[in-house]
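As structure tokens, the structure follows; a few thoughts come after it.
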Number of protein chains: 2
Amino acid sequence: MREKTERIIHEWTDSCDAEVSIAVLGGAWKPSILTLLGEHGVLRFGELGRLLKDPTARVLTRQLRELEDDGLIIRTVYRQVPPKVEYRLSELGASAAPLLAELTTWGTLYAGTQREASAAKTDENEAVA
Amino acid sequence: MREKTERIIHEWTDSCDAEVSIAVLGGAWKPSILTLLGEHGVLRFGELGRLLKDPTARVLTRQLRELEDDGLIIRTVYRQVPPKVEYRLSELGASAAPLLAELTTWGTLYAGTQREASAAKTDENEAVA
DNA sequence: CCGGATCCGCTGAGATACTG
DNA sequence: CAGTATCTCAGCGGATCCGG
């Protein structure tokens with residue numbers, strides 16, 4: 001498990017396990033990676049890179065390592081030339097699928113309402129008692 | 001809406017609305033704040049501070065402002081001495097309640113499995129084809 | 001009582017160049 | 001093909017001091 005994840009789990013044990021989820025799933029490309037692996041089953045490093053909007057190899061590597069360290073994905077290295085590395089969801093990673101779906105749904109809803117709300121300026125947020 | 005939120009909404013319109021949710025809900029104390037407001041209905045600044053584990057006033061203020069800018073909470077200022085400021089969920093903020101619940105549920109699950117997994121070291125993540 | 005202004009340290013995204 | 005090694009740069013969380 002990543003140090004960051006561990007810190008959050010142990011320091012916040014009280015009220016806010018939601019922060020744990022965000023710590024694990026929040027990170028550039030991570031929701032996309034998990035969703036793609038859920039859809040495709042198994043993907044190679046290069047395939048993931050192309051399916052996402054071409055993140056730097058450095059960045060993609062780091063996200064994948066973090067997801068691996070946090071136990072969400074499984075990395076399989078085939079020692080051959082040229083090298084071949086496959087990624088797939090772990091059981092834990094697969095268990096996040098419904099949550100990812102909800103995140104997407106609410107995100108879509110939010111983006112929609114905010115695009116409209118840009119027009120109507122409501123400034124009734126001050127009351128005089 | 002915050003600049004950051006707007007950026008994410010417009011740059012990532014494609015695949016990953018989950019990142020929008022995380023951008024909006026992810027931030028120190030934010031899930032807790034939203035959950036507390038959901039439970040209590042209306043809370044004053046000081047009450048929130050005490051219910052959370054006493055974040056710096058500065059920090060709490062910033063989180064509340066961001067949530068307000070993103071349209072999730074409503075801030076009501078009573079112009080009196082001493083000042084009084086109340087916070088409550090907007091409709092949009094209330095709509096995130098189920099999502100927050102799922103985040104918490106999965107976070108709890110995750111924290112549980114990881115605490116056990118610390119013992120069993122599985123290193124079957126290399127195959128030779 | 002509820003903040004605003006200011007400064008700081010860290011982490012995390014991204015770019016660039018190189019390697020088994 | 002699938003990375004690693006360095007670097008930079010921005011942003012957030014946090015602390016401290018001041019203000020209406």
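Below, chain A is the first sequence line, B the second, and so on; all start at residue 1. Only heavy atoms go into these numbers, but all of them, side chains included; no hydrogens, no water, no symmetry mates.
Among the candidates A:T76, A:I73, A:L37, the single residue satisfying the side-chain contact (heavy atoms from CB on, under 4.5 Å) test with A:R88 is A:T76.
Here A:R2 lies out of heavy-atom contact (under 4.0 Å) with every strand. Residue-level contact check: B:E3 touches neither bases nor backbone, having no heavy atom under 4.0 Å from any strand. Among the heavy atoms of the strands lying under 4.0 Å from B:V85 are primed sugar atoms or P, OP1, OP2 only; no base atom is included. Note on A:E86: nothing from the nucleic acid sits closer than 4.0 angstrom, heavy atoms only. Nucleic acid contact for A:G49: none, since no nucleic acid atom lies under 4.0 Å from a heavy atom of the residue.
With distances taken from any side-chain atom of B:P83 to the nucleotides C:dC1, C:dG3, D:dG3, the minimum falls on C:dC1. In the set D:dG14, D:dG11, C:dC1, D:dG14 carries the atom at the smallest distance from any side-chain atom of B:V59. Of all nucleotides listed (C:dC2, D:dG13, C:dC1), D:dG13 comes nearest to the side chain of B:A28. For A:Q63, taking side-chain heavy atoms from C-beta onward, the closest of the listed nucleotides C:dA13, D:dG3, C:dC1 is C:dA13.
Side-chain contact between B:E19 and B:I22 is absent, with no heavy-atom pair separated by less than 4.5 Å. Within the 4.5 Å cutoff, the side chain of A:D69 has heavy atoms near those of the A:R2 side chain.
Using a 4.0 Å cut-off, some side-chain N or O of B:Y87 falls inside it from OP1 or OP2 of C:dG3. Note on A:W29: a side-chain N or O is less than 4.0 Å away from OP1 or OP2 of C:dG14. Within the 4.0 Å cut-off from OP1 or OP2 of D:dC1, not a single side-chain nitrogen or oxygen of A:Q80 is found. Under 4.0 angstrom from either OP1 or OP2 of D:dA15 there lies at least one side-chain N or O belonging to B:T56. A sub-4.0 Å separation between OP1 or OP2 of C:dA13 and a side-chain N or O of A:R58 is absent.
Following rounding to the nearest Å, A:L60 (CG) and C:dA13 (P) show an atom-to-atom distance of 12 Å. If you measure from atom CZ of A:R65 to atom P of C:dT11, you get 20 Å, rounded to the nearest angstrom. Rounded to whole angstrom, the span from the CG atom of A:L64 across to the C1' atom of C:dG12 amounts to 16 Å. The separation between B:L67 atom CG and D:dC12 atom P is 13 Å, rounded to whole Å. One can place CD of A:E66 at 6 Å from P of C:dA13, the figure rounded to the nearest angstrom. Residue B:D54 contributes atom CG, which lies 16 Å from atom C1' of C:dG3 at whole-angstrom precision. For the pair B:I8 CD1 and D:dA10 P, the computed distance is 17 Å after rounding to whole Å. Atom-to-atom, CZ of B:F45 to C1' of C:dC1 comes out at 9 Å; the value is rounded to the nearest Å.
Formation of a donor-acceptor pair under 3.5 Å by the A:T5 side chain with backbone atoms of A:D70 is not found in this model. Here the side chain of A:S90 pairs a donor or acceptor atom with the backbone of A:L92 at under 3.5 angstrom.
A donor-acceptor contact under 3.5 angstrom links the side-chain atoms of A:R62 to the base of C:dG14.
When each of A:P82 and A:K30 is assigned the nucleotide of DNA chain C with its nearest heavy atom, A:K30 is the one assigned upstream, toward the 5' end.
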- Derivation and outcome, side-chain contact (heavy atoms from CB on, under 4.5 Å), residues B:T104 and A:V20: CA-CA 8 Å; B:T104 304; A:V20 173; over 6 Å; no
